[in-house]
Structure formats: structure tokens, C-alpha cells
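By convention in this document, chain letters (A, B, ...) are assigned in the order of the sequence lines, proteins followed by strands, and residues within each chain are numbered from 1. From a predicted model like this one, the values you see are computed outputs, not experimental measurements.
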Amino acid sequence: MFSNRWRFGWDRYTEVDLFTDHNDTNAETLSQAIRAASEEPDADGSVLFGHLQGTVVGLRYYTGVVNSGEMVGLVRQPQNPYDRNAVMVANIYGNQVGHIKKELAAAMAYVMDNKLAKVEGVVHSGTKNKFTMPVMLSFWGKEEKKNTVIEMMARRGYKLNTGGIGQAAVFFFFQLKNAFDNLFEGLMESKDGEKEAAKSVGTPLLPHQKKALSWMCARENKSGLPPFWEKRGELYYNTLTCFSAKEIPERVRGGILADDMGLGKTLTTIALILTNFHNGKPLPVETCVSVTVLNLYFSITVWCEQHLFIIKWLFACYQEGQSSPLKARTKKQMPPKLEGIFISCLLFTLYAPGFQEDLDFAAALGGLISDTGFKKKKTSKKDLKARATLIICPLSVLSNWLDQFEQHVSANVKLNVYLYYGSDRNRSTKFLSSQDVVITTYNILSSDNGDKSPLHVVNWLRVVLDEGHIIRNPDTLMSKAVLRFKAQRRWILSGTPIQNSVKDLWMLLAFLHLKPFDVREWWNRVIQRPVTQGNKEGLQNLQTLVKCITLRRTKNSEVNGRPLVSLPEKTVCVEKVELSQAEREEYELARNEGRNTIGRYVSEGTVLSNYAHVLAILMRLRQLCCHPDLLAKTSTDLGAAATPAELRERLIEKLRMVLASGSDEECSVCLESVRLPVITHCAHVYCRPCIAQVISTEKETARCPLCRSEIKTSELVEFPQEEMGEENGTNSEKWRTSSKVQALMANLLRLRSEDNRIKCLVVSQFTRFLTILETPLREHGFSYVRLDGTMSLKKRTQVIQEFQSSADSSPVIMLLSLKAGGVGLNLTAASHVFLMDPAWNPATEEQCIDRCHRLGQKRKVCVTKFIVKDSVEENMVKIQKKKQDLLEKAFGSTNTDRKASRISDIKALMEL
DNA sequence: ACCGCCGGGTGCC
DNA sequence: ACCGCCGGGTGCC
């Protein structure tokens with residue numbers, strides 16, 4: 001019988017399958033096939049064409065089983081020797097279940113091979129017999145392919161059931177975003193208790209850091225069931241995919257630490273590395289103490305009679321140790337009886353200077369203590385030899401990691417940290433594996449790609465992705481590289497795990513090997529599509545999933561009723577500024593003019609279609625509040641454009657006007673400040689991805705969210721690249737002051753007279769205003785630096801370093817553009833913040849203030865907001881308050897609400 | 001495998 | 001006996 005297997009090869013002898021355990025090898029290739037099949041371009045714009053009841057045949061030849069309700073994967077098998085149209089059916093873990101019946105397979109093969117549709121299967125009723133079973137197929141694809149596919153299938157006698165397919169509701173990002181904000185909130189409750197860090201961690205941990213450490217250790221050590229798995233009788237059952245397995249599903253060892261910036265993710269990670277080695281023991285590290293002991297041994301043969309026997313014993317052990325494969329470090333725990341001698345030895349070193357180091361002996365001694373003193377438990381399914389933790393971070397924080405290791409690891413502990421960076425980096429895998437920590441950057445990763453890259457050969461104990469949201473795009477080289485690491489434990493550190501949409505999460509879960517969602521198809525079907533279609537259940541599942549693997553605390557979180565971190569007091573005061581006679585006259589003129597125009601729009605009901613103009617009017621007023629010279633000279637009206645080129649020119653001009661001032665223009669789709677701005681033919685500005693999303697969802701019927709004019713992707717106008725970041729020289733022939741400038745200078749001079757080392761942030765949305773402010777600062781001899789969005793990364797870090805320096809010569813003022821820099825910016829050297837002009841979005845202001853009011857701030861922080869009396873600014877502040885209220889109860893607000901509130905905002909601003 | 005399909009055996013009722 | 005019917009053999013692609 002056994003030989004039949006070979007003789008008959010592909011033949012139909014059932015023995016073949018009974019003898020072969022292809023669960024492992026075949027499942028892997030099938031999984032790969034499914035993965036490959038679903039790694040097609042994003043299925044985002046897909047619509048459901050229809051359903052079809054099909055049949056899976058040949059069940060008896062395969063080992064894969066399917067439960068009622070379980071999803072299955074459909075993979076084309078063009079190489080099948082019996083039928084080149086074959087479509088294989090596999091379960092979630094990639095075990096083959098059977099084939100699609102051949103006539104249906106022939107029809108499907110055409111559709112699948114020509115990428116007309118993606119076909120998905122669900123087995124609704126359980127297996128009635130051993131030979132075939134029904135499968136519900138659904139066809140998904142681009143709207144324009146829909147009819148082709150339906151006709152195609154109909155011609156072969158398969159009528160797609162298109163009934164009951166409702167048009168998916170169009171959900172804008174912000175509605176999801178609200179849900180996401182919630183998604184990552186409150187992930188703190190009832191996690192584990194606190195855990196003390198190993199002794200080698202030199203910095204005492206704060207309570208919330210001990211909690212994080214405890215949670216992280218538990219995530220690495222405990223072997224409970226992963227999310228959505230439960231035990232049902234003898235089987236493990238996945239409640240989402242309805243898949244069940246005999247073996248306990250592999251648990252994700254790791255997760256996402258999504259604490260807010262400044263709560264000490266780095267320190268906690270360092271503590272984790274030192275505290276949780278194999279079997280929950282601390283990382284064995286060399287300590288100077290042990291080295292000293294050996295020095296002693298070699299330097300003095302007879303030192304103290306009462307210790308001689310121990311030294312002899314140690315030496316004996318050392319020799320014995322030579323023959324056993326010992327861990328080459330001193331474990332932190334040592335037998336109590338030895339502690340005495342270690343201390344004695346330490347004391348002795350004070351009297352016996354000039355010893356040579358002998359690391360070999362130290363290493364052996366260390367190994368001996370752990371291996372002979374404490375017998376290791378043989379619990380290892382895992383590779384206990386894995387030692388090194390690989391940390392990948394953006395270049396900008398690399399030095400921070402090195403500093404933090406320096407700072408937080410006890411002085412007497414020697415931790416091997418290798419910086420895998422630069423062209424002469426050590427590529428020896430043996431060397432890398434032997435390190436305690438290897439640090440590298442995402443850039444190195446994308447160049448050090450390929451299977452033979454040293455980073456991909458090493459068996460890591462742990463891989464940590466700092467600022468892990470960097471890999472959210474799965475198409476990048478580094479994302480692909482990150483998935484191929486061999487590691488036992490995987491962590492993602494990120495303050496902002498979701499930036500735009502659910503899609504951002506997939507890469508993170510794939511990196512963590514959260515099965516089955518590491519295969520894109522299952523993720524798309526179970527989470528992404530339900531969620532983007534606004535399915536409550538999908539969102540709930542996502543929430544559960546995230547909750548299981550994420551720890552997130554914000555600066556405002558509380559533990560046992562006490563704030564996580566206590567920051568110095570922060571006071572915010574508003575300083576009302578009176579305009580001068582001349583300024584007031586100019587302002588009133590502009591205001592009346594604008595008020596008339598907007599009033600007309602309001603009564604005509606055309607506010608939203610003239611939105612760009614309304615914004616321009618408001619901008620003009622806001623600029624007048626700061627400084628008369630801020631006014632943009634160019635202000636062409638969008639009249640009837642003669643030619644397309646002319647229209648384009650005018651649109652660009654509009655866009656330039658909105659952007660040039662550096663104001664915080666907000667996209668009406670995502671309600672964030674615009675990224676990659678584009679302007680529509682109706683002159684409304686959006687982020688390109690946001691408006692592209694709207695257009696792709698609504699297709700031909702797409703309309704501008706603000707004015708409902710028809711919009712097309714081809715008609716979106718971008719800002720010409722060469723003009724980006726171009727900063728026109730100020731027309732500073734004759735500089736003049738303004739009331740706001742005066743108010744600021746009065747404050748700065750007063751502060752300097754109190755303490756000339758007080759550092760201030762001076763913040764404006766208008767970069768040109770910052771330029772104007774430079775003149776009086778120079779005149780009064782203030783040393784200042786400037787940070788705005790136009791500066792290169794290198795320049796930025798340099799400026800920040802200068803400003804943060806405590807040297808007497810360091811600048812005391814930073815001119816800061818409101819939007820410049822990421823959230824990570826650390827400007828704790830400043831204790832005073834001057835906000836020169838109110839922002840539309842109060843969160844932007846908060847974020848800016850938080851750059852100095854954050855962990856590390858030692859002084860009280862004083863924030864001054866300058867607001868011009870009787871002006872648009874005062875009204876903006878009122879609306880800000882209202883917006884904040886709205887934001888707090890963010891859920892339930894619909895797009896129409898937002899539009900209505902926008903119109904009423906504008907009316908309020910103009911006091912109409 | 002409680003079906004369908006195939007092909008050989010068979011042939012009034 | 002160029003059909004129908006019966007019953008055994010058989011069975012994914």
C-alpha cells in the first residue's frame with residue numbers, strides 16, 4: 001500500500017492522502033497562494049456584484065475541514081493536470097478543502113484570470129455528506145466590470161443573485177475617525193498589575209510604566225488564547241471566521257504599545273528587554289562586579305583565608321564549566337552564599353588597583369553560576385538561544401534610543417548594544433545574534449532587504465518597531481522587509497497607530513502575525529470591508545481585536561484616580577489687544593466690505609459654493625488683526641475664465657492664497673488640516689486622498705461635499721511642485737509695527753527683566769508674521785531661532801537642539817509656525833508660550849502648547865493668547881469653544897450637521 | 001453516495 | 001432493441 005503512493009503519483013488512491021500529513025508544507029504554500037491572490041491592488045472601491053450558490057467537490061481527498069459559517073479562500077490552480085480551470089478551495093489556515101465543481105470553475109476561472117472580479121466563499125450549511133458541500137460565492141469588483149461579469153456568468157448558465165444588495169452608505173473618514181478615537185481609548189482598564197523592573201534598570205519606573213511593563217511581560221509570557229478564539233470541547237474555535245483547529249492557535253507574543261508621547265515608551269521597552277528574558281527571568285548581563293571578582297582572582301592568589309575555599313570552588317567550577325555550553329554572562333541572580341564574597345571582593349578592589357580584565361573567565365563564571373547553581377527547567381519549545389532584541393526606529397530618534405540606554409541602564413551593567421548603521425556596519429549574523437540589543441533604522445532596512453540580509457537570518461528574541469505606524473503602507477520595501485523577520489516576540493511602539501483609516505492597521509497586525517489577519521484576504525473580508533461600510537459588528541470586532549493587543553494611555557489618563565504623570569501647572573490667559581486708530585480704520589473698511597459680500601451669499605444661500613471667497617475675506621480680516629503687511633497682494637476673483645489654462649491658473653492662484661499665509665486650512669472631509677492640497681473647479685480645497693475617496697465612492701455622481709457641484713478626479717488642480725515651499729522675500733523696505741507686535745514685545749521685555757534666561761515660544765499660523773517679528777526681536781537684542789514647515793529635517797533638529805540647550809548662549813526665543821513639526825517635538829526648554837493668533841481648530845493650539853507642557857517640563861507653563869478686541873478673532877474664540885464641545889461628544893454628528901454648523905460659524909464670525 | 005452518470009444486460013405482461 | 005428500464009459500479013479537479 002505504501003508503495004502505491006509512489007507508483008501512482010497523482011492517482012486517486014485515497015491511501016496517498018491518509019499517509020501524507022500535508023498540513024504543514026502544503027498549508028504553507030496554499031497560504032502563500034491565497035496571500036498572493038489577495039495582494040492585488042486595494043479592493044477599496046469594490047462593490048458586490050452578486051451571490052451564487054456553488055458546490056465544493058472532492059472533499060474526501062483532502063484534510064481541510066470547514067465549519068458552518070466559515071469563510072473559505074478560492075485559489076486558481078491553472079497547473080492542475082486534470083483541468084486548467086481548476087479552482088481550489090482552502091480554509092483559513094490554508095488547508096485544502098476541495099475544488100469548485102468543474103463547470104462552475106470554468107466560468108469562475110475566466111472571471112478570476114481576467115481579474116474581472118474577486119470571488120469569495122462562505123460555507124453556510126455544514127457538511128451534509130463526505131463528498132460535496134454547498135458554498136456561497138460572492139463576486140466583488142470595480143463597478144465598471146459588474147455587467148461584464150454578470151453577463152459572462154449568465155452565458156455559462158450561472159445567474160448571479162443581485163437582489164438585496166443595497167448601495168453601501170458613503171462614510172467619510174471623519175465618521176470612522178471618531179470611531180477610531182474611541183477605538184484606542186480606554187485600553188487601560190483592568191490590564192495587569194504593576195511589575196518591578198530588573199535591577200539592571202537604573203531608573204525607577206513610574207507606576208504607569210510598571211503597569212505597562214507588567215502587561216508587556218504578560219503578553220510575552222502567557223499562553224492564553226488569542227482574540228476570538230475559544231475552546232469548544234476538544235477543539236479551538238475562532239468565533240469570527242468559524243474556523244476550528246485541534247492545536248492551540250499560536251498566540252501573538254507582543255502587541256502595540258500606543259501610549260501618548262512622553263509617557264516613556266522607550267524606558268518601558270528598555271525595562272522589558274532587561275526584565276523579561278526567557279522564562280520570565282531577567283536578561284543575564286555582565287556586571288562590573290563579576291569582572292572585578294576575576295581580576296581579584298588573578299591578581300592575588302591568597303587574599304583572605306576565610307574566602308580561600310570559595311575561590312578554589314569557583315575555580316573548580318570554572319574548569320568544569322569549560323566543557324559545558326554555558327551562557328556567557330553573569331546572571332543577575334546568584335546564590336545567596338556567593339553574594340557575600342562578591343561584596344567582599346568589591347570592597348577589596350578599592351585596595352587593589354590596576355587589575356586586568358579577563359572577560360573570558362567572567363563569562364564562564366557567569367554561566368556557571370546560572371547553569372550549575374540553578375538547573376534550567378526544560379520547558380523550551382522555543383529557541384532559548386535567541387538573545388538579541390532588534391529595534392527599528394526612524395533616524396531622527398536613533399540617538400534618543402542610544403541616550404536612553406545610556407541613561408536608564410544601571411552604571412555597573414554592561415549591556416551590549418550595537419548600532420547597525422552606516423556603511424561599515426558589522427554584517428556578521430553570529431555577531432548580531434550575540435548582542436543584547438541591535439538598533440537600526442527603517443532606511444537601513446529598506447536597503448538591507450532580501451533573504452540573505454543579516455537582519456533576516458538572525459533569530460531574534462524580539463523585534464521592536466519604534467514609531468511603528470511608519471510601516472502602515474504595505475507596499476513599501478521596509479514594510480515587506482519587516483514581515484520577514486524571524487522573531488519570537490514582536491512589538492510596535494506608536495503614539496498614533498491609526499492615521500487615516502482602518503487600512504493603516506493591517507500592516508501592524510500582519511507584522512504581529514495576528515492570525516488569520518496577516519493574510520490580507522481575511523482581514524479585508526472580516527474587518528476592513530465591514531468597517532468601511534459602516535457595519536457596527538465589524539467595528540466591534542475590530543475594537544475587540546485592538547483591545548486585546550494594545551495598551552494605550554494618554555497624558556490625561558488616570559490610574560487609581562491619580563493622573564499618570566504630574567506636570568507642572570499650566571496657566572492660560574487671554575490678552576486683549578486694542579487696535580490703533582489707523583489699524584482700526586483699515587480693519588473696519590475690510591470688515592464692512594466682507595460683511596456685505598458674505599451677507600449677500602447668506603441671503604442667496606450660496607455661502608458654501610462661494611466658500612473659497614468667504615475664506616479669503618476671513619483670512620484678510622485675520623491678517624489685519626496681526627499686521628497690515630500680511631495681506632496677500634494677489635487676490636484675483638474667480639470670474640468667468642476664458643480658457644481652461646486660464647481657469648487652471650486662477651485656481652492655482654486661489655490655492656496659493658489659501659496656503660501661502662501658512663494658515664491652518666481644514667479639509668471638510670477629514671476635518672484635519674489639509675495634506676497634499678488640491679482645489680476643485682468650484683474652488684474648494686481638500687486633501688487629495690480625501691476627495692479622491694469621495695469621488696471613487698460616488699463615481700460619476702460625485703459632488704463637491706461643500707457646494708454639491710459635480711467633481712471629477714481629472715479636474716482636481718494641484719499646487720505646482722516647483723512652487724511648494726517657495727517663500728517670497730518680504731517687502732521689508734520699511735518695517736512697521738502693529739498693536740499685536742507691541743503687545744508681544746511688552747511681554748517679552750517684562751519677562752527678560754524678571755529673568756533673562758526665561759525661554760519663550762512665539763507661535764503664529766502666518767509664517768510671514770514670524771518674519772515680521774524677527775525685526776523687533778533683533779532690535780531689542782533677543783537671541784532667537786525659527787522653526788517652520790519649510791525647513792529641512794536636519795535644520796529642524798539642529799534648531800531644536802540649540803533651543804533646548806541650557807547654555808547661556810542658547811537662544812531664548814523660538815519663532816514657531818503653528819503647524820511645523822510633528823507631535824513629537826520636544827520644546828520643554830520654554831516655559832512661556834505666546835499664541836499670536838487664534839486657530840480654527842483648538843486642538844492645533846493644544847498640540848502646540850503640549851510641545852512645551854509635557855514630560856520633562858520642570859517649570860510652570862504660562863500661555864498667553866493674543867486676541868484683538870472687537871474683531872473676527874474674538875468670534876473665532878467663541879466658535880472654538882463650541883467646536884470643542886462638539887468634539888467632546890463627537891459621535892453622532894453627521895456631515896449635514898457639520899455643514900450647517902459651518903454656515904452658522906461663518907455668520908457668527910461676521911456677526912450676521 | 002439516501003445522489004447522478006455511465007454502460008452492460010436485458011426485453012410482453 | 002436504432003429504444004426504455006433495471007441494477008451494479010462508480011465518483012474532484
Exercise. Between Y82(A) and dC12(C), do the rings stack, that is, sit under 5.5 Å apart with planes less than 30° off each other?
Worked result: no
Exercise. Any salt bridge between E120(A) and R529(A), counting N to O under 4.0 Å?
Worked result: yes
For this session: Can you tell me, in whole Å, how much space there is between the P of dT10(B) and that of dC6(B)?
Result: 22 Å
Exercise. Between the side-chain atoms of Y62(A) and the base atoms of dC12(C), is any donor-acceptor pair under 3.5 Å?
Worked result: yes
Exercise. In whole angstrom, what separates E103(A)'s CD from dC12(C)'s P?
Worked result: 13 Å
Exercise. Roughly, in whole Å, what's the span from CE in M108(A) to C1' in dC13(C)?
Worked result: 13 Å
Exercise. Thinking salt bridges, do E230(A) and R232(A) make one under a 4.0 Å N-O criterion?
Worked result: yes
Exercise. Would R489(A) and E220(A) pass as an ion pair if we require N to O under 4.0 Å?
Worked result: yes
Problem set entry | Check: D83(A) side chain, dC13(C) base, donor-acceptor under 3.5 Å | no
Exercise. Less than 5.5 Å between centroids and less than 30° between ring planes, does F131(A) satisfy that with dA1(B)?
Worked result: yes
For this session: Quickly work out the K101(A) NZ to dA1(B) P distance and round it to whole Å.
Result: 17 Å
Problem set entry | For dG11(B), the Watson-Crick or wobble counterpart (both distances under 3.5 Å) | dC3(C)
Seminar exercise, completed: K130(A) NZ to dT10(C) C1', in whole Å, measures 15 Å
For this session: Sticking with atom C1', work out how far dG4(B) lies from dG11(C), rounded to a whole angstrom.
Result: 10 Å
Problem set entry | Nearest-angstrom distance from the residue atom CZ of R60(A) to P of dA1(B) | 12 Å
Exercise. L104(A) CG to dC12(C) C1': how many Å, rounded?
Worked result: 13 Å
Exercise. How close or far is atom P of dC13(C) from atom CD1 of I100(A), stated in whole angstroms?
Worked result: 10 Å
Exercise. So, the side chain of R155(A) versus the backbone of A107(A): is there a donor-acceptor pair under 3.5 Å, distance only?
Worked result: no
Problem set entry | Nearest-angstrom distance, P atom, dC5(B) to dG9(B) | 22 Å
Problem set entry | Parallel, tilted or perpendicular, as decided by the 30° and 60° cut-offs, for the rings of W229(A) and Y93(A) | tilted
Seminar exercise, completed: note: L59(A), atom CG; dC13(C), atom C1'; distance rounded to Å ~ 12 Å
